[in-house]
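All residue numbers refer to positions in the sequence shown, counting from 1.
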Amino acid sequence: PEQAAHFESKVRPVFIAKCIACHGDKQQIADLRLDKPISPAMAKKVSEAVSYAGELKMPPGGKLSAVEIAAISA
């Protein structure tokens, strides 16, 4: 329940505001859909991408805030 509450209050709003246009029900770039649950392995990749830690840097228009990155990474 605590993880679900964190996701709903901190992560989902970021995904809706910054990610769903490219990774939602209408479009799934790189076969990634963030409006549904994802695997732990995919969650790790998303965390790395939003942290700009690897080759893939998301969102491409600019880095998320430190608070948004921390929420996703948690």
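Within a 6.0 Å radius of CD in Glu8, more than 12 heavy atoms belonging to other residues, nucleotides or ligands are found. Residue Gln27 places its CD atom among more than 12 non-hydrogen atoms of other residues, nucleotides or ligands, all under 6.0 Å distant. Heavy atoms from other residues, nucleotides or ligands lying under 6.0 Å from CG of Asp25 number more than 12.
Cluster partners of Leu56 are Met58, counting Ile, Leu, Val, Met, Phe, Trp and Tyr whose side-chain heavy atoms approach within less than 4.5 Å, directly or via other members.
The hydrophobic clustering, which links ILVMFWY residues whose side-chain heavy atoms are closer than 4.5 Å, places Val14 and Met42 together.
One distance of note links CD1 of Ile72 with NZ of Lys18; it measures 9.0 Å at 0.5 Å rounding. Atom NE2 of His23 sits about 13.0 Å away from atom CZ of Arg33, to the nearest 0.5 Å. To the nearest 0.5 Å, atoms SG (Cys19) and CG (Leu34) are separated by 5.5 Å.
Scanning both residues, Phe7 and Pro13, for their nearest heavy atoms gives O-CD, 4.2 Å.
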Before giving the answer on side chain to side chain contact (heavy atoms under 4.5 Å, CB included), spell out for Val46 and Leu32 the whole-Å C-alpha distance, their side-chain angles and the decisive distance to 0.1 Å. CA-CA 9 Å; Val46 169; Leu32 176 61; 4.0 Å; yes
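Judged by distance alone, the side chain of His6 and the main-chain N or O of Ala74 form no donor-acceptor pair under 3.5 Å. A donor-acceptor pair under 3.5 Å is formed between the side chain of Ser73 and the backbone N or O of Ile69. Panel note: side chain Tyr52, backbone Pro59; a donor-acceptor pair is recorded below 3.5 Å. With hydrogens and angles disregarded, a donor-acceptor distance shorter than 3.5 Å links the side chain of Lys57 to the backbone of Gly54.
Comment: Glu68 does not engage Lys10 in a salt bridge, judged by the lack of any side-chain N to carboxylate O separation of less than 4.0 angstrom.
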